[in-house]
Amino acid sequence: MKYSCIRGTGSYLPAQVVTNYDLEKKIETTHQWIVERTGIHSRHIAEDHESALSMAEAAGRAALAMAGIAAADLDMIIVATTTPERVFPATACELQAALGAGQCPAFDLNATACAGFMYGIGIADQFIRTGKIKHALVIGSEMMSRIVDWSDRRTCVLFGDGAGAVVLSSSDTPGIMTTCLHADGRFVDMLNIPSNLGRPTSRKFTGQAVLNMQGNTLFRQAVNILGGLFDETLAAGGVSAKEIDWLIPHQANLRIIDAMAKKLDLPTERVAITLATHANTSSASIPLALDGSVRDGRIKRGDLLLLEGFGGGLAWGSALVRF
Ligand code: COA
C-alpha cells in the first residue's frame with residue numbers, strides 16, 4: 001500500500017506591504033473596522049513585474065529545495081490559481097518549462113478558488129496512492145490585487161498576493177491520511193468574478209470584471225460548511241479532535257478561524273494564523289501558513305495537521321496530514 005507525504009514546503013510573498021492605514025488614505029475605511037471585522041492588519045501586494053507564475057516559481061523552488069527533489073524528478077505539477085496570465089495554456093505548463101521539469105502532466109485548478117490548493121492535494125494524493133506517480137508539486141499562487149475593485153471597500157481590504165507550495169512524495173506510511181472535497185454550485189452568486197469569455201452573447205456582462213462577494217451570507221455558510229467538513233474529515237481519518245496538533249485553515253476571517261479552533265477545542269497557539277499580515281491570499285493561504293509554521297519550527301515532523309479551504313463555487317476541501 002502506498003501513501004503520499006509532504007516532503008517539502010515553500011512560499012513567496014511580494015516585498016511590498018500595504019497596511020490598513022495606507023488604505024485609509026485611498027478609500028472610506030478605518031484600520032479599526034478592518035481589524036475588528038477581519039483580523040487583517042496588512043497585506044503583501046505584488047509589483048508590476050510579478051505574476052502568479054513568477055510567485056509560483058519562487059514558492060515551488062523553495063519547496064523542491066526543502067524536499068531535496070530536482071524539478072526533473074517531478075511526475076505532476078498542479079497550480080491552483082484564479083489569476084493566470086493566460087486563459088490557456090495553464091500556468092502549470094509555463095512553470096514546468098521555467099523549472100526545467102520533464103514532460104509530466106501539468107495543469108491549473110482555477111474554478112475552485114480559495115479551495116484550489118485542497119483540490120490539488122486531493123488529486124495528487126490519489127495519483128501517488130495508486131502508484132501512478134511518485135512526486136507532485138502542488139502550488140497555490142494568487143495575484144488578488146489584480147482582480148479586486150480597489151474602489152470597493154467591502155472587498156479590496158480583504159485580499160493580498162502570494163504563493164505557497166508543497167512537494168508530495170510517495171511514502172510507505174501515511175502522510176496524507178485522508179482528503180475530503182466538495183462543491184455546491186447552487187451558491188455561485190455568493191462569490192465570483194464575471195467574464196464574457198464563453199458567455200452567451202445575449203447575456204453579455206457589461207459591468208466591471210472584478211471580484212464580487214456577498215460577505216455576510218458567505219460568512220454564515222463558511223462556519224456551517226467547515227463545521228461539517230471537520231466532522232467528516234476526522235471520521236474519515238479515524239481520529240478524534242483531541243489528536244489534532246495543528247489547524248492550518250484558509251485565511252479569510254479571524255472570526256471564522258476562531259470558531260473553527262473552538263470546534264476542535266484547539267488553543268490559538270495551535271492554529272497557523274497568517275491573516276494579520278497576509279490577508280486572504282485565496283488558494284495560496286493554506287500552503288503559506290503551513291510553510292511559515294514549518295520554517296519557524298512550530299510544526300514538527302510527526303505532528304497531526306488538519307488543513308481546510310473554502311471559497312467560490314462554493315467549493316471546499318480538507319486534508320488530514322501526519323507531517
Ligand atoms: N470599512 C468600513 N466599513 C465597511 C467596510 C470597510 N472596509 N466594508 C464594509 N463596511 C460597512 C458596510 O458598508 C456596512 O455598513 P452599513 O451597515 O452602513 O451598510 C457595515 O460595514 C457592515 O458590513 P457587513 O458586510 O455586514 O460586515 P460583516 O461584519 O459581514 O464583515 C466581511 C464583512 C466581508 C469581513 C465578512 O462578512 C466576511 O469575512 N465574510 C466571509 C468572507 C469569506 O469567508 N470568504 C471566504 C472565501 S474567500
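No experiment lies behind these values; they were computed from the predicted model shown. Counting convention: from 1, in listed order, for ligands and their atoms alike. All residue numbers in this chain count up from 1 along the given sequence.
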Salt bridge flag under 4.0 Å for residues K242 and D265: no

Answer yes or no: are there more than 12 heavy-atom neighbours, outside E28 itself, under 6.0 Å from its atom CD? no

Which residue in the set E142, Q251, M144, H250 passes side-chain contact (heavy atoms from CB on, under 4.5 Å) when paired with N280? H250

The option among L218, L23, T29, T281 carrying the non-hydrogen atom nearest to atom 45 (N) of ligand 1 is L218

Between R298 and E269, is a salt bridge (Lys or Arg N to Asp or Glu O under 4.0 Å) present by the stated rule, with each step listed? CA-CA 10 Å; R298 281 178 297 156; E269 53 277 15; over 6 Å; no

Side chain, backbone, both or neither: which part of T155 comes within less than 4.0 Å of ligand 1 when only heavy atoms are counted? neither

Just so I know, are the side chains of F219 and I256 near enough to count as touching, which here means a heavy-atom distance under 4.5 Å? yes

Element-labelled atoms of ligand 1 that are located less than 4.0 Å from some non-hydrogen atom of I256: 44 (O)

Counting heavy atoms only, which of Q214, R220, R37 comes nearest to atom 28 (P) of ligand 1? R37

Charged N to carboxylate O below 4.0 Å: is that the case for K132 and D75? no

Go through ligand 1 atom by atom and flag the ones less than 4.0 Å from a non-hydrogen atom of N253. 35 (C), 36 (C), 38 (C), 39 (O)

Side chains of N110 and T81 only: does a donor on one sit below 3.5 Å from an acceptor on the other? no

Heavy atom of protein closer than 4.0 angstrom to atom 47 (C) of ligand 1: yes

Can you see which heavy atom on V188 is nearest to which on N192, and at what distance? O-ND2, 3.1 Å

Tell me, which protein residue and heavy-atom name are nearest atom 41 (C) of ligand 1, and how many Å apart are they? G215 O, 3.6 Å

Does only the side chain of W33 get under 4.0 Å from ligand 1, or the backbone, or both, or neither? Count heavy atoms. side chain

Numbered atoms of ligand 1 (with element) below 4.0 Å of V157, judged on heavy atoms: 7 (N)

Check whether any side-chain heavy atom of L95 lies under 4.5 Å from a side-chain heavy atom of I139, and answer yes or no. yes

Atoms of ligand 1 under 4.0 Å from any heavy atom of R255, numbered from 1 in the order shown, are 29 (O), 31 (O)

With heavy-atom distances below 4.5 Å as the criterion, would you say the side chains of M213 and L218 are in contact? yes

State the atoms of ligand 1, each with its element, that fall below the 4.0 Å cut-off from a heavy-atom position in A252. 43 (C), 44 (O), 45 (N), 46 (C)

Residue selection (non-hydrogen contact nearest atom 35 (C) of ligand 1) among T38, I225, I34: T38

Could you work out, for atom 24 (P) of ligand 1, the closest of N216, N20, L191 by heavy-atom distance? N216

N280 neighbourhood, listing ligand 1 atoms whose heavy-atom distance to it stays under 4.0 Å: 48 (S)

Would atom 19 (O) of ligand 1 count as contacted, meaning some protein heavy atom under 4.0 Å? no

Identify the two heavy atoms, one from T281 and one from G162, that lie closest to each other, and give their separation to 0.1 Å. CG2-N, 4.3 Å

Under 4.0 Å from a heavy atom of C114: give me the atoms of ligand 1 that qualify, with their elements. 48 (S)

Heavy atoms of the protein only: does one fall short of 4.0 Å from atom 30 (O) of ligand 1? yes

Atoms of ligand 1 close to H250 [distance to a heavy atom under 4.0 angstrom, numbered from 1]: 48 (S)

Does some side-chain heavy atom of H44 sit less than 4.5 Å from a side-chain heavy atom of Q16? no

From the options R154, R153, M213, select the one whose nearest heavy atom is closest to atom 15 (O) of ligand 1. R153

